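See below for the structure under consideration.
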Amino acid sequence: MRFAGKTAIVTGGASGIGAAFVRRFVAEGGAVMIAELDVERASEFVSELGDRAAYELVDVADADAFAPLAETTAARFGGIDILFNNAGIGNYGLTPDLDIDQWRRCIAVNLDAVFYACRAVIPHLKARGGGAIVNTASASGLAADYGFTAYNAAKAGVINYTRCLAIDHARDNIRANSICPGPVDTPLLTAGVDAIEGLRSEWERIVPSGRFARPEEIAAVALFLASEDASGVTGAAVPVDGGLTSHTGQPDLRDVMAAAQA
Ligand SMILES: NC(=O)c1ccc[n+]([C@@H]2O[C@H](COP(=O)([O-])OP(=O)(O)OC[C@H]3O[C@@H](n4cnc5c(N)ncnc54)[C@H](O)[C@@H]3O)[C@@H](O)[C@H]2O)c1
């Protein structure tokens, strides 16, 4: 019961990584406010979770959404201890072709939203004597992907902004860390991947672990960072990527060497 008596706000908490976090956070004694665009799914999920879960319709790109959300959460559950900024959207497009509105929306949902949420919630964390912020960045924030212009920029921004939060608020007893997933089996990725024949197997070939992660594997690391077990960890960007960002990208010489020696 790591989270007994604790309250978390989780953005994008009705699907994928966010939902896996919420499910386990509630199972381990915590209360959760889910901030979601998909209120149909959020409503169904909350009714399954019981009294220690609630949801609000929030577009995380709306700068004015988080102050009322924080007030509602504190009023309902008595305070806020943890903020999991997890909502995100993908985006593909090379620079000359990328529509300016698409760039702006990608940066707004993946990066601006993290600032808006932290700005509104940090005073509530301080009122509790401290707390934890976990931000979902990406392996795509640690290095670049071909054609992933806006997403790469946004997620790299999340990683360094998280470091700012960590040092600025360390003396407030607030920790801030980011997680950097590689490919994860969630609707965000799989809807696109499985529509293109051969893409999943190519992706699996590139990841050293040979597979996509399950959302629960990513949530487990976010839960650790949100918990007191991580009391000494702040400012970290933790890859949860099956080894993806440990590889330089150079050719796999094992087959070549074996063939040469044969
Ligand atoms: N799936 C992957 O392979 C992968 C890899 C690296 C990072 N990530 C990141 O993980 C996070 C979670 O993604 P997921 O894979 O679980 O995807 P998902 O699509 O399953 O869940 C994302 C949730 O966020 C919600 N959401 C989207 N835009 C929103 C908005 N503007 N306001 C409020 N809610 C919004 C969606 O309704 C959805 O419920 C994202 O930040 C994503 O960039 C995912």
Side-chain angles (χ1 to χ4, degrees), residues 9-24 32-46 55-66 69 83-92 101-102 104-117 134-145 148 150-159 161-162 178-194 199-200 203-204 206-207 209 211-222 225 237-242 244-245:
I9 290 179
V10 180
T11 70
S15 176
I17 296 165
F21 181 100
V22 165
R23 201 178 285 285
R24 200 160 150 196
V32 173
M33 174 63 79
I34 295 171
E36 258 292 348
L37 266 187
D38 187 344
V39 281
E40 205 171 309
R41 198 198 288 253
S43 160
E44 245 170 64
F45 191 31
V46 160
Y55 73 92
E56 288 287 330
L57 170 61
V58 168
D59 179 351
V60 295
D62 175 0
D64 299 324
F66 284 99
L69 178 77
L83 171 62
F84 184 28
N85 286 305
N86 168 76
I89 52 170
N91 187 257
Y92 177 82
D101 287 340
Q102 272 192 36
R104 288 205 177 119
R105 181 70 184 162
C106 186
I107 300 290
V109 173
N110 289 308
L111 176 60
D112 295 350
V114 180
F115 164 68
Y116 300 151
V134 182
N135 296 327
T136 305
S138 173
S140 304
L142 292 167
D145 304 299
F148 246 54
Y151 188 79
N152 282 152
K155 292 299 192 181
V158 170
I159 290 169
Y161 172 54
T162 305
S178 56
I179 54 169
C180 303
V184 191
D185 254 317
T186 70
L188 178 79
L189 187 66
T190 53
V193 166
D194 292 334
L199 183 53
R200 179 181 281 263
W203 215 311
E204 288 170 344
I206 289 165
V207 182
S209 65
R211 65 179 179 85
F212 287 14
R214 288 176 289 107
E216 292 77 16
E217 294 178 288
I218 312 302
V221 178
L225 292 169
V238 183
V240 196
D241 66 359
L244 184 66
T245 54

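As the structure lists them, so they are numbered: ligands from 1, and atoms in each ligand from 1. Along the sequence shown, the residues carry numbers beginning at 1. Only heavy atoms go into these numbers, but all of them, side chains included; no hydrogens, no water, no symmetry mates. Since this is a predicted model, take the numbers as computed values, not measurements.
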ask   = Sequence neighbours excluded, which residues qualify as side chain to side chain contact (heavy atoms under 4.5 Å, CB included) partners of P239?
value = L142, D241, T245

remark   = The residue among L69, D62, D64 that forms side chain to side chain contact (heavy atoms under 4.5 Å, CB included) with F66 is L69

query = Using a distance-only test with no angle check, is there a side-chain donor-acceptor pair under 3.5 angstrom linking S178 and N135?
reply = no

request  = Taking the side chain as every heavy atom from C-beta outward, state whether L189 and V184 have any atom pair closer than 4.5 Å.
outcome  = no

query = Rounded to the nearest 0.5 Å, how far does OG1 of T11 lie from CZ of F84?
reply = 7.5 Å

remark   = The protein residues that pass the under-4.0 Å heavy-atom test against ligand 1 are G12, S15, G16, I17, E36, L37, D38, V58, D59, V60, N86, A87, G88, I89, R105, V109, T136, A137, S138, Y151, K155, P181, G182, P183, V184, T186, P187, L188, L189

query = With a 4.5 Å heavy-atom cut-off, do P183 and V207 have their side chains touching?
reply = yes

